[in-house]
**Student:** 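Dropping the structure in here first, questions after.
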Amino acid sequence: MLGFIGQRVLQSVFVMLAVGLIAFSMFRYVGDPISNMVGQDTTMEQRVQLRERLGLNDPFLVQYFRFIKNAAQGDFGISYRQRRPVSEMIRNRMPATLELSFVSAMMALFLGIPMGVYTALRRNGVLSRSFMTLSLIGISLPTFLIGILMILLFGVILRWLPSFGRGEVVQIGWWSTGLLTKSGWQSLIMPAFTLALFQMTLIMRLVRAEMLEVLQADFIKFARARGLPERMINFRHALKNTLVPVITITGLQLGAIIAFSIITETVFQWPGMGLLFIQSIGAVDIPVMSAYLMMIALFFVVINLIVDLLYFAVDPRLRVQKS
């Protein structure tokens, strides 16, 4: 187990170094950092002195490893647009994105898996057909259109929920949360459901397909021949084997929720890292863009590592191969 973890951690380090190279290249080849940091009245001598002080005249590898060292310490430089440390801006925006992603992930899991199991066991039921129709809508419609339709229905016509913003938040140390206030939950419902709908329908269809395949396996037929209760067969034997291949896909999709929350945050003006990234693109704010890229890569690496460990723990065949 320790060897498996060590191998995955080593692979994760190489992935982060590669992503760091891409993020660092943005400083080198997307505009001039000095021109973005100073005004038009800055003299050429002052520009040369600033370039020398920031180490921009050093060789490429020296600058790259300096960037990796600073990024590992959480230092991503100063924002060109707001003239503030990027780490401070990320720290202020991260709670909103992580709370939105967490609620969306829980919604996708706790709704998608039961719906997938139900549609597999009751294939011809009216409710199963309704779930399959809903899954077609969730997969076919783009996220921004779903968000706009929800704002039109629940925010404009019915006036049940706020159509933008995060609502009232409570400060716990440096972490700001809206999960402790009524307006925070009301503001969270629509963006969380919009972000979770595609993942929920994908998980439902995946669980349904795997469940139908497992129910045709020989060990399920033997379990029925032994006279085991149908509930035990479905939920103790079939569901457990169904979740083995589902874990990998689900883990990747949970990482995608964080990475692709950009659209949802833009539609609902949710004050998270995704909205900050969109605003930084418009202003060509390279430090913020590179920091966001590094943070999303880190989330993916950590989630993939956790998924690999869960897959290793659930599937005994991997343990046999390693031994």
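Residue numbers start at 1 and run along the sequence shown.
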**Student:** Crowded around Gln171 CD? As in, over 12 foreign heavy atoms under 6.0 Å?
**Tutor:** yes

**Student:** Is there side-chain contact between Leu197 and Thr201, with at least one heavy-atom pair below 4.5 Å?
**Tutor:** yes

**Student:** Are more than 12 heavy atoms, taken from residues, nucleotides or ligands other than Phe102, located less than 6.0 Å from that residue's CZ atom?
**Tutor:**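 No, the 6.0 Å shell around CZ holds no more than 12 heavy atoms from other groups.
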
**Student:** Run the side chain to side chain contact (heavy atoms under 4.5 Å, CB included) check on Leu298 and Val302 step by step: do they pass?
**Tutor:** CA-CA 6 Å; Leu298 179 62; Val302 172; 4.1 Å; yes

**Student:** Suppose we screen for side chain to side chain donor-acceptor pair (under 3.5 Å). Which residues come up paired with Arg93, at least two apart in sequence or across chains?
**Tutor:**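 Here no residue qualifies.
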
**Student:** Throw together a table of side-chain donor-acceptor distances under 3.5 angstrom for residues 111-119, partners on residues two or more places apart or in other chains.
**Tutor:**
residue, atom, partner, partner atom, Å
Thr119, OG1, Met115, O, 2.9
Thr119, OG1, Gly116, O, 3.0

**Student:** Of all residues at least two apart in sequence or in a different chain, which pass the ring pair (Phe, Tyr, Trp, His ring centres under 6.0 Å) check with Phe131?
**Tutor:** none

**Student:** Does Leu212 belong to the same Ile/Leu/Val/Met/Phe/Trp/Tyr cluster as Met204, with side-chain heavy atoms less than 4.5 Å apart forming each link?
**Tutor:** no

**Student:** Atom OG of Ser280 and atom CD1 of Ile286: how far apart are they, to the nearest 0.5 Å?
**Tutor:**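 Between Ser280 OG and Ile286 CD1, I get 9.0 Å after rounding to 0.5 Å.
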
**Student:** Using side-chain heavy atoms (C-beta onward) and a distance below 4.5 Å, is Leu215 in contact with Asn234?
**Tutor:**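 SC-SC contact between Leu215 and Asn234 confirmed.
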
**Student:** If I compare all heavy atoms of Thr97 with all of Ser261, which pair ends up nearest, and what's the gap?
**Tutor:**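 Scanning both residues, the minimum pair turns out to be CG2-OG, 3.9 Å.
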
**Student:** Could you pull out the closest heavy-atom pair between Pro287 and Ser290, with the gap in Å?
**Tutor:** O-OG, 3.0 Å

**Student:** For residues Phe222 and Leu228: do they belong to one hydrophobic cluster (side chain heavy atoms under 4.5 Å, members Ile, Leu, Val, Met, Phe, Trp, Tyr)?
**Tutor:**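 They do not share one cluster, since no chain of ILVMFWY contacts under 4.5 Å joins Phe222 to Leu228.
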
**Student:** Spell out, yes or no, whether Phe198 and Met107 are grouped together once hydrophobic residues are joined by side-chain heavy atoms under 4.5 Å, including indirect joins.
**Tutor:** no

**Student:** Looking only at heavy atoms, what is the nearest atom pair of Ser79 and Val86, with distance?
**Tutor:** N-CG2, 3.7 Å

**Student:** Rounded to the nearest 0.5 Å, what's the gap from CE on Met211 to CG on Leu206? Could you check?
**Tutor:**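 If we round to the nearest 0.5 Å, Met211:CE and Leu206:CG are 13.0 Å apart.
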
**Student:** Can you list every pair that meets salt bridge (Lys or Arg N to Asp or Glu O under 4.0 Å) and has a residue in residues 207-227, with sequence neighbours left out?
**Tutor:** Arg224-Glu230

**Student:** Using modelled atom types and a 3.5 Å cut-off, is there a donor and acceptor pairing between side-chain atoms of Asp75 and backbone atoms of Ala71?
**Tutor:**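 No, because the side chain of Asp75 does not come within donor-acceptor range (under 3.5 Å) of the backbone of Ala71.
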
**Student:** Should Leu141 and Leu202 be regarded as members of a common hydrophobic cluster, given that ILVMFWY residues are connected when their side-chain heavy atoms come within less than 4.5 Å of each other, either directly or indirectly?
**Tutor:**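 Result: no, two separate clusters.
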
**Student:** Could you give the distance from CD1 (Ile233) to CG (Leu121), rounded to the nearest 0.5 Å?
**Tutor:**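 Taking CD1 in Ile233 and CG in Leu121, the distance rounds to 11.0 Å.
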
**Student:** In a table with atom names and distances, give each donor-acceptor pair under 3.5 Å that connects a side chain of residues 148-170 to protein atoms at least two apart or in another chain.
**Tutor:**
residue, atom, partner, partner atom, Å
Arg166, NH1, Ser176, OG, 3.0
Arg166, NH2, Glu99, OE1, 3.1
Arg166, NH2, Ser176, O, 2.7

**Student:** Mind running side chain to side chain contact (heavy atoms under 4.5 Å, CB included) on Gln279 and Leu275 for me, showing each step along the way?
**Tutor:** CA-CA 6 Å; Gln279 294 170 347; Leu275 182 60; 3.8 Å; yes

**Student:** When rounded to the nearest 0.5 angstrom, what distance separates CE in Met295 from CD1 in Ile258?
**Tutor:**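 Atom-to-atom, Met295:CE and Ile258:CD1 are 9.5 Å apart.
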
**Student:** Grab the two heavy atoms, one from Pro95 and one from Trp174, that are nearest each other, plus how far apart they are.
**Tutor:** CG-CZ3, 4.2 Å

**Student:** Rounded to the nearest 0.5 Å, what's the gap from CG on Leu180 to CH2 on Trp185? Could you check?
**Tutor:**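 If we round to the nearest 0.5 Å, Leu180:CG and Trp185:CH2 are 9.5 Å apart.
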
**Student:** Sub-3.5 Å donor-acceptor pair from the side chain of Gln199 to the main-chain atoms of Ala108, do we have one?
**Tutor:**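 Not at all, since once roles are kept as given, no pair shorter than 3.5 Å links the two residues.
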
**Student:** Where do Leu136 and Arg205 come nearest, in terms of heavy atoms and distance?
**Tutor:** CD2-NH2, 3.1 Å

**Student:** If you look at every heavy atom in Ala192 and Val103, which pair is closest and at what distance?
**Tutor:** CB-CG1, 3.9 Å

**Student:** Given side chains that start at C-beta, do those of Val301 and Phe299 come closer than 4.5 Å, heavy atoms only?
**Tutor:** no

**Student:** Taking side chain as C-beta onward, heavy atoms only, is Trp270 less than 4.5 Å from Leu100?
**Tutor:**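 Yes, at least one pair of side-chain atoms sits under 4.5 Å.
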
**Student:** With sequence neighbours excluded, what pairs up with Arg84 under the side chain to side chain donor-acceptor pair (under 3.5 Å) test?
**Tutor:**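 Partners of Arg84 by the side chain to side chain donor-acceptor pair (under 3.5 Å) criterion, ordered by chain and then number, come out as Gln82, Glu88.
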
**Student:** Any side-chain heavy atom of Phe193 within less than 4.5 Å of one from Thr264?
**Tutor:**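 Sidechains of Thr264 and Phe193: no contact.
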
**Student:** Is a donor on one side and an acceptor on the other found under 3.5 Å between the side chain of Ser25 and the backbone of Leu21?
**Tutor:**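 Confirmed, Ser25 side chain pairs with Leu21 backbone.
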
**Student:** In terms of hydrophobic clustering (I, L, V, M, F, W, Y; side-chain heavy atoms under 4.5 Å; direct or indirect links), are Ile296 and Leu276 co-clustered?
**Tutor:** yes

**Student:** Side chains of Ile262 and Phe277, heavy atoms from C-beta outward: is any pair under 4.5 Å?
**Tutor:**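 The answer is yes, as the side chains (C-beta and beyond) meet within the 4.5 Å cut-off.
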
**Student:** As a quick check of understanding, evaluate side chain to side chain contact (heavy atoms under 4.5 Å, CB included) for Phe268 and Leu195, giving each step before the final call.
**Tutor:** CA-CA 11 Å; Phe268 291 94; Leu195 187 58; over 6 Å; no

**Student:** Quick one: are Phe24 and Ile68 in side-chain contact, heavy atoms under 4.5 Å?
**Tutor:** no

**Student:** Let me confirm one number: the CD1-CD1 distance from Ile137 to Ile139, rounded to the nearest 0.5 Å.
**Tutor:**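 With rounding to 0.5 Å, CD1 (Ile137) is 11.0 Å from CD1 (Ile139).
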
**Student:** Trp175 vs Thr177, test: side chain to side chain contact (heavy atoms under 4.5 Å, CB included). Steps then yes/no.
**Tutor:** CA-CA 6 Å; Trp175 186 276; Thr177 178; 3.9 Å; yes

**Student:** Under 3.5 Å, is there a donor-acceptor pair between the side chain of Ser101 and the main chain of Leu98?
**Tutor:** no

**Student:** Is the shortest heavy-atom distance from the side chain of Thr194 to the side chain of Val267 under 4.5 Å?
**Tutor:**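 No, side chains not in contact.
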
